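Read through the structure below, which is laid out as structure tokens, and then see the notes.
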Amino acid sequence: MAKNTIRNMEEFAALSGISRPTVSKYFNDPESVRKSTRKRIEEALEKYEYRPNMFAINQNRKLTKNLGIVVPYLADPFFAELARNIEQRCIAAGFRPTLYSSHGDQELENDILDSLRSLKPAGVLLAPLGRTSDRAIVEKFCADIPTVIFDSFLPDMGFAFVGSDNWQFARLIVEYLCRTGEPPSFLEMKTPSNPNANRRRKGYIEAMERLGHEPQIVKVDGEGWEFEEIGRREGGKALASGLFTSNTILCSNDRLAIGFLTACFEQKIRVGRDPDCQIRVAGHDDHPFSRFTCPPLTTIAQDYDAISRCAVETLFKAIEGSENKHETTLFEGKLVMRESA
């Protein structure tokens, strides 16, 4: 076992008896050197226990293998699952992704974009805050670095946008709820953090009117990303005050619905499809925890796999220099029927 610590590639090259350019060439692409040379280098790596600083190697390349992944709130299991899918696809393609969360804060999102520049990333997959993003800063970043926007739509920014068809989500679940019981009231925040909520509300209105029903929207106080608490506290107030004209409540997202289910429990209101149940509750997203609520939550499932695959493949096209105009790709959701509605 080697006793001396090798500090850099120059020292490793000198000890192994292989030229510095050849060693560098190996670390950039092991297949680019002869088989016999590759064997010598790998034997020397084991002998001297040397591990190069791949970050520094990347920084010296004209095009690095670094990628950035930015989500608005990593504590949300929805974004954690989507980021996990994207991260694994990037790693499988030979890139080195770095994951960031802006925690619902505009200044932090701006700082993350600024920090990403120092990484010299080959590209970035960005789920922006949306309504609270500094659009000028996001637009400038997208103009400088190949960027694919996902989940939260910002018009004409980045190489492309990949997300879900939130209008279709709302239409699909409204049709189901009307077919199986009373037409739903729609529960949302007055100032939703994610712009997807606005499209879901419009989809709800369109579907209700097309089916000949009067839309009823209940807007509750609350800002930020603490959706469960807002659903429990403010949704509970609306429920206790009799603001809902229907015994079917459609929430703008699953996290809001999870909180609302707690409000129903606290008020001893039984939720579900059984004849002795007083109310039905449904949501959007198929949040990873929605199958474990009590009762399990009826919802619309986002296609995590398709969104992550398309976003990553689109970014790779941008990195390779494709000159396509800005494109928007939306994936439809799937109805998931559970016991809550």
Side-chain angles (χ1 to χ4, degrees), residues 68-74 76 78-79 81-83 85-86 100-106 109-110 112-113 123-143 145-173 186 188-207 223-225 227 251-256 283-287 300-315 317-318 324-333:
I69 303 171
V70 186
V71 297
Y73 198 71
L74 194 55
D76 185 328
F78 165 75
F79 287 111
E81 179 65 16
L82 198 53
N85 274 269
I86 290 172
Y100 300 86
S101 172
S102 52
H103 299 291
D105 184 84
Q106 184 196 89
E109 182 175 81
N110 294 345
I112 288 169
L113 297 181
V124 171
L125 292 142
L126 170 64
L129 295 173
R131 183 179 63 85
T132 59
S133 290
D134 187 324
R135 298 198 174 205
I137 287 180
V138 175
E139 185 173 22
K140 178 65 167 60
F141 181 86
C142 292
I145 294 172
T147 302
V148 169
I149 306 289
F150 68 98
D151 185 67
S152 299
F153 182 69
L154 292 178
D156 301 321
M157 291 193 193
F159 186 80
F161 172 74
V162 180
S164 295
D165 187 344
N166 288 285
W167 287 69
Q168 182 262 348
F169 278 28
R171 291 195 299 268
L172 184 60
I173 198 155
F186 189 81
E188 68 169 355
M189 294 160 56
K190 290 180 181 178
T191 53
S193 302
N194 192 307
N196 292 335
N198 298 324
R199 293 174 179 81
R200 292 171 182 179
R201 180 181 64 254
K202 292 176 182 177
Y204 161 80
I205 293 171
E206 178 187 275
E223 294 186 356
W225 293 81
F227 300 148
C251 300
S252 64
N253 63 64
D254 281 357
R255 291 184 59 198
L256 201 64
H284 295 79
D285 290 329
D286 197 23
H287 184 287
I300 298 292
Q302 297 212 41
D303 194 335
Y304 293 91
D305 185 70
I307 293 170
S308 62
R309 181 179 64 251
C310 182
V312 170
E313 290 176 353
T314 303
L315 181 63
K317 290 179 183 178
N324 294 341
K325 64 180 181 179
H326 184 278
E327 295 182 351
T328 295
T329 303
L330 301 179
F331 291 94
E332 293 189 345

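Atom set for the values below is all heavy atoms of this structure, side chains included, hydrogens, waters and symmetry mates excluded. A quick note: this is a predicted structure, and the numbers were derived from the prediction, not measured.
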Seminar exercise, completed: Gly130 and Leu154 have their tightest heavy-atom pair at O-CD2, 3.9 Å
For this session: Report yes if the distance between the aromatic ring centroids of Trp225 and Phe227 is under 6.0 Å, otherwise no.
Result: yes
Exercise. Taking only residues two or more places apart in sequence, or in another chain, which ones meet Glu109 in a salt bridge (Lys or Arg N to Asp or Glu O under 4.0 Å)?
Worked result: none
Exercise. Who passes ring pair (Phe, Tyr, Trp, His ring centres under 6.0 Å) against Phe161, sequence neighbours left out?
Worked result: Phe153
For this session: Measure from the side-chain N and O atoms of Asp285 to the backbone N and O of His287, and report whether any donor-acceptor pair falls under 3.5 Å.
Result: no
Problem set entry | Partner residues of Asp151 under the salt bridge (Lys or Arg N to Asp or Glu O under 4.0 Å) criterion, sequence neighbours left out | none
For this session: Go through the structure and list residues passing side-chain contact (heavy atoms from CB on, under 4.5 Å) with Ile137, not counting sequence neighbours.
Result: Asn110, Leu113, Asp134
Problem set entry | Asp105: side chain to side chain donor-acceptor pair (under 3.5 Å) partners, not counting sequence neighbours | none
Exercise. Which of these, Val148, Asp156, Thr147, sits in a side-chain contact (heavy atoms from CB on, under 4.5 Å) with Cys142?
Worked result: Thr147
Seminar exercise, completed: CZ of Arg131 to CD of Glu223, rounded to nearest 0.5 Å, is 6.0 Å
Exercise. Within the side chain of Ser101, is there an N or O that forms a donor-acceptor pair under 3.5 Å with the backbone of Leu74?
Worked result: yes
Problem set entry | Residues in side-chain contact (heavy atoms from CB on, under 4.5 Å) contact with Gln168, at least two apart in sequence or another chain | Asp165, Arg171, Leu172, Glu332
Exercise. What residues form a ring pair (Phe, Tyr, Trp, His ring centres under 6.0 Å) with Phe186, not counting sequence neighbours?
Worked result: Tyr204
Exercise. Excluding sequence neighbours, so at least two apart, what forms ring pair (Phe, Tyr, Trp, His ring centres under 6.0 Å) with Phe331?
Worked result: none
Exercise. For Arg309, which residues count as a side-chain contact (heavy atoms from CB on, under 4.5 Å) partner, sequence neighbours excluded?
Worked result: Arg89, Asp305, Ala306, Glu313
Exercise. Counting only heavy atoms not in Glu206, do more than 12 sit closer than 6.0 Å to its CD atom?
Worked result: yes
For this session: Kindly determine whether Asn196 and Asn166 satisfy side-chain hydrogen bond (donor to acceptor under 3.5 Å, both in side chains), including the steps that lead there.
Result: CA-CA 7 Å; Asn196 292 335; Asn166 288 285; 3.2 Å; yes
Exercise. Can you list the residues that meet the ring pair (Phe, Tyr, Trp, His ring centres under 6.0 Å) rule with Phe141, with sequence neighbours excluded?
Worked result: none
Exercise. Can you tell me how far the CZ atom of Phe150 sits from the OG1 atom of Thr314, to the nearest 0.5 Å?
Worked result: 12.5 Å
Exercise. Can you tell me if Ser308 uses its side chain to pair, donor with acceptor, with the backbone of Leu82 under 3.5 Å?
Worked result: no
Problem set entry | Donor-acceptor pair, side chain of Asp286 and main chain of Gln302, under 3.5 angstrom | no
Exercise. Sequence neighbours excluded, which residues qualify as side-chain contact (heavy atoms from CB on, under 4.5 Å) partners of Thr132?
Worked result: Leu129
Exercise. Of all residues at least two apart in sequence or in a different chain, which pass the salt bridge (Lys or Arg N to Asp or Glu O under 4.0 Å) check with Lys202?
Worked result: none
Exercise. Which class fits the ring pair His103 and Tyr73: parallel under 30°, tilted 30 to 60°, perpendicular over 60°?
Worked result: perpendicular
Exercise. Do the side-chain N and O atoms of Asn198 and Arg201 include a donor-acceptor pair separated by under 3.5 angstrom?
Worked result: yes
Exercise. Got a second to check how far Ile300's CD1 is from Ser164's OG, nearest 0.5 Å?
Worked result: 11.0 Å
For this session: Verify, without hydrogens or angle tests, whether Thr329 (side chain) and Val162 (backbone) share a donor-acceptor contact under 3.5 angstrom.
Result: no
